[in-house]
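Here the structure comes first, spelled out in structure tokens, and everything after it is commentary.
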Number of protein chains: 2
Amino acid sequence: MRKLTSTNYYNQTFLEEKCTLNELINLLSKRWLTEVMFSIEEGNNRFSTLKEDLKHISDNILADRLKLLEQHKLIIRNDNFREVPSRVEYTLSDTGAKLSELLDGLCHFSETEMEFPE
Amino acid sequence: MRKLTSTNYYNQTFLEEKCTLNELINLLSKRWLTEVMFSIEEGNNRFSTLKEDLKHISDNILADRLKLLEQHKLIIRNDNFREVPSRVEYTLSDTGAKLSELLDGLCHFSETEMEFPE
DNA sequence: TGAGTAGCTCCTATATAAATGAGCCGAAAC
DNA sequence: GTTTCGGCTCATTTATATAGGAGCTACTCA
């Protein structure tokens with residue numbers, strides 16, 4: 001639970017209201033989040049295969065990131081009741097695909113133009 | 001000082017090595033960092049004017065963000081010894097300007113395509 | 001009937017980031 | 001000669017993010 005009266009919280013919302021870019025960056029900066037997105041894009045569409053693909057992620061974090069991505073409509077969660085055993089399947093949404101493209105641009109930039117000290 | 005033996009640290013470096021995008025996002029997610037960049041871009045080129053422009057930022061955070069931006073060569077620090085009183089001046093580097101453009105794209109995306117719950 | 005798997009949830013411990021507040025150095029204005 | 005300002009640094013407190021590990025439900029397979 002977040003403390004709503006801290007300066008920390010106040011400053012974060014101040015920045016998010018100033019520009020939604022801050023809100024997006026705050027989302028993207030959650031560890032593993034972009035990797036989960038990319039992994040889904042590559043076809044790992046189940047909890048267990050994602051977990052396997054992302055080697056070091058822990059269950060609760062993966063569950064949280066999937067929830068976040070779904071809430072922001074970047075991925076779509078499909079619960080296939082019909083199939084037996086029923087299985088949950090995740091796919092990238094159109095918005096998610098667009099974001100992924102933008103991030104590819106950023107990735108290219110960071111590889112070619114950025115210098116990270118030491 | 002960072003603890004080099006924690007899983008937390010291990011996972012972060014794992015992700016940064018997997019893709020430098022993670023390194024870039026980690027940088028961008030430092031609070032106030034992009035705003036400092038944008039404010040410099042708009043012509044606020046001194047410590048004190050930045051502090052004024054960004055209302056709620058505290059001294060040590062501003063100092064730290066300026067240092068980070070300089071280390072990553074996104075801004076250039078100019079110490080004008082000649083002028084009296086000597087004054088420090090910050091300007092955006094070419095790389096910084098490129099990054100700023102990319103972020104404008106992301107900003108537009110987050111304003112038009114993203115949905116942030118509640 | 002008992003074990004195993006998928007897809008989670010919850011509680012706690014640990015690590016890291018942000019904020020607060022005091023203080024410091026050199027120059028200059030009073 | 002003491003106060004003021006710019007541009008910081010440092011130590012400490014407070015808040016938040018990540019990780020670890022137990023456990024739960026519905027279902028299947030032996």
Side-chain angles (χ1 to χ4, degrees), chain A residues 1-16 22 25-33 35-36 40 44-70 75 77-90, chain B residues 1-15 22 25-33 35-36 40 44-52 54-70 75 77-90:
Chain A
M1 281 291 99
R2 189 134 193 200
K3 193 173 175 189
L4 304 178
T5 57
S6 63
T7 306
N8 190 317
Y9 176 74
Y10 175 81
N11 281 348
Q12 184 180 325
T13 55
F14 168 79
L15 290 172
E16 288 179 349
N22 287 309
I25 289 177
N26 285 342
L27 179 66
L28 297 177
S29 70
K30 302 277 176 189
R31 191 173 292 172
W32 301 102
L33 189 130
E35 296 299 331
V36 171
I40 289 172
N44 300 302
N45 53 12
R46 305 187 57 188
F47 194 93
S48 45
T49 55
L50 286 165
K51 206 177 135 176
E52 204 177 331
D53 186 42
L54 300 172
K55 291 192 186 68
H56 308 295
I57 200 170
S58 49
D59 289 17
N60 61 344
I61 300 285
L62 177 53
D64 179 72
R65 298 314 184 245
L66 287 168
K67 202 170 289 173
L68 275 173
L69 286 166
E70 195 200 352
I75 63 172
R77 190 191 127 111
N78 255 298
D79 209 327
N80 299 337
F81 301 105
R82 302 191 181 180
E83 291 186 38
V84 169
S86 86
R87 60 212 218 98
V88 177
E89 211 178 88
Y90 296 97
Chain B
M1 280 291 100
R2 190 136 192 199
K3 193 172 175 187
L4 303 177
T5 57
S6 63
T7 307
N8 189 318
Y9 176 75
Y10 175 80
N11 280 349
Q12 184 180 325
T13 56
F14 168 78
L15 290 172
N22 286 309
I25 289 177
N26 285 341
L27 179 66
L28 296 177
S29 70
K30 301 280 174 187
R31 192 173 293 173
W32 302 101
L33 190 130
E35 296 299 331
V36 171
I40 290 174
N44 300 302
N45 52 14
R46 305 187 57 189
F47 193 93
S48 46
T49 55
L50 286 166
K51 206 178 135 177
E52 204 177 331
L54 300 173
K55 290 192 184 68
H56 308 295
I57 199 171
S58 49
D59 289 16
N60 63 341
I61 301 285
L62 177 53
D64 178 72
R65 298 316 183 243
L66 286 169
K67 203 170 289 173
L68 276 173
L69 286 167
E70 195 200 351
I75 63 171
R77 189 191 128 108
N78 254 297
D79 208 326
N80 299 337
F81 300 105
R82 302 193 181 177
E83 289 187 41
V84 169
S86 85
R87 59 212 218 101
V88 178
E89 212 178 87
Y90 296 97

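Naming: A, B, ... by sequence-line order, numbering from 1 per chain.
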Find the distance [X]:[atom1] to [N]:[atom2] and express it as a whole number of Å.
X: Q12(A); N: dT16(C); atom1: CD; atom2: C1'; result: 15 Å
X: I61(B); N: dT16(C); atom1: CD1; atom2: C1'; result: 12 Å
X: Y10(B); N: dA15(C); atom1: OH; atom2: C1'; result: 18 Å
X: F47(B); N: dG26(C); atom1: CZ; atom2: C1'; result: 16 Å
X: R87(B); N: dA28(C); atom1: CZ; atom2: C1'; result: 16 Å
X: F14(B); N: dA19(D); atom1: CZ; atom2: P; result: 12 Å
X: E52(A); N: dA6(C); atom1: CD; atom2: C1'; result: 13 Å
X: K51(A); N: dG20(D); atom1: NZ; atom2: P; result: 12 Å

Could you measure the distance from the NZ atom of K67(B) to the CG atom of N60(B)? Nearest 0.5 Å is fine. 10.5 Å
Is there side-chain contact between [X] and [Y], with heavy atoms separated by less than 4.5 Å?
X: I57(B); Y: V36(B); value: yes
X: K3(A); Y: T5(A); value: yes
X: V88(B); Y: F47(B); value: no

Position toward the 5' end of DNA chain D (nearest nucleotide), H56(A) or T5(A): T5(A)
Hey, which of these two, S58(A) or L4(A), hits DNA chain D nearer its 5' end, going by closest nucleotide? L4(A)
More 5' along DNA chain C: D64(A) or R31(B), using each one's nearest nucleotide? D64(A)
Let me test you: for the helix from dT1(C)-dA30(D) to dC30(C)-dG1(D), what is the angle between the axes at its two ends (five pairs each), rounded to 10 degrees? 10°
Hey, does the side chain of [X] come within less than 4.0 Å of [N]'s phosphate (OP1/OP2), counting only N and O?
X: T7(A); N: dT20(C); answer: yes
X: K67(A); N: dC8(C); answer: no
X: R77(A); N: dC8(C); answer: yes
X: R65(A); N: dT18(D); answer: yes

Say whether E52(A) and N44(A), considering side chains only, have a donor N or O and an acceptor N or O under 3.5 Å apart. no
Side chain of [X] - closest among [options]:
X: W32(B); options: dA19(C), dG7(D), dC8(C); value: dA19(C)
X: R2(A); options: dA17(D), dG7(C), dA19(C); value: dA17(D)
X: K3(A); options: dA19(C), dC8(C), dT16(D); value: dT16(D)
X: S6(A); options: dT14(C), dG7(C), dT16(D); value: dT16(D)
X: D59(B); options: dC8(D), dA19(D), dT14(C); value: dC8(D)
X: R46(A); options: dG7(C), dA15(C), dC8(C); value: dG7(C)

Do the side chain of N60(A) and the base of dG20(D) come within less than 3.5 angstrom through a donor-acceptor pair of N or O atoms? yes
Hey, does the side chain of N26(A) reach the backbone of N22(A) with a donor-acceptor pair shorter than 3.5 angstrom? yes
Is there a donor-acceptor pair closer than 3.5 Å between any side-chain N or O of R31(A) and the backbone N or O of N8(B)? yes
Checking all strands, does [X] fall into the base, sugar-phosphate, or nothing category for heavy-atom contacts under 4.0 angstrom?
X: K30(B); value: sugar-phosphate
X: N11(A); value: sugar-phosphate
X: Y90(B); value: sugar-phosphate
X: N8(B); value: sugar-phosphate

So which atom in K30(A) and which in L68(A) form the shortest heavy-atom distance, rounded to 0.1 Å? CG-CD1, 4.2 Å
Would you please classify the geometry between the F14(A) ring and the W32(B) ring as parallel, tilted or perpendicular, with 30° and 60° separating the classes? tilted
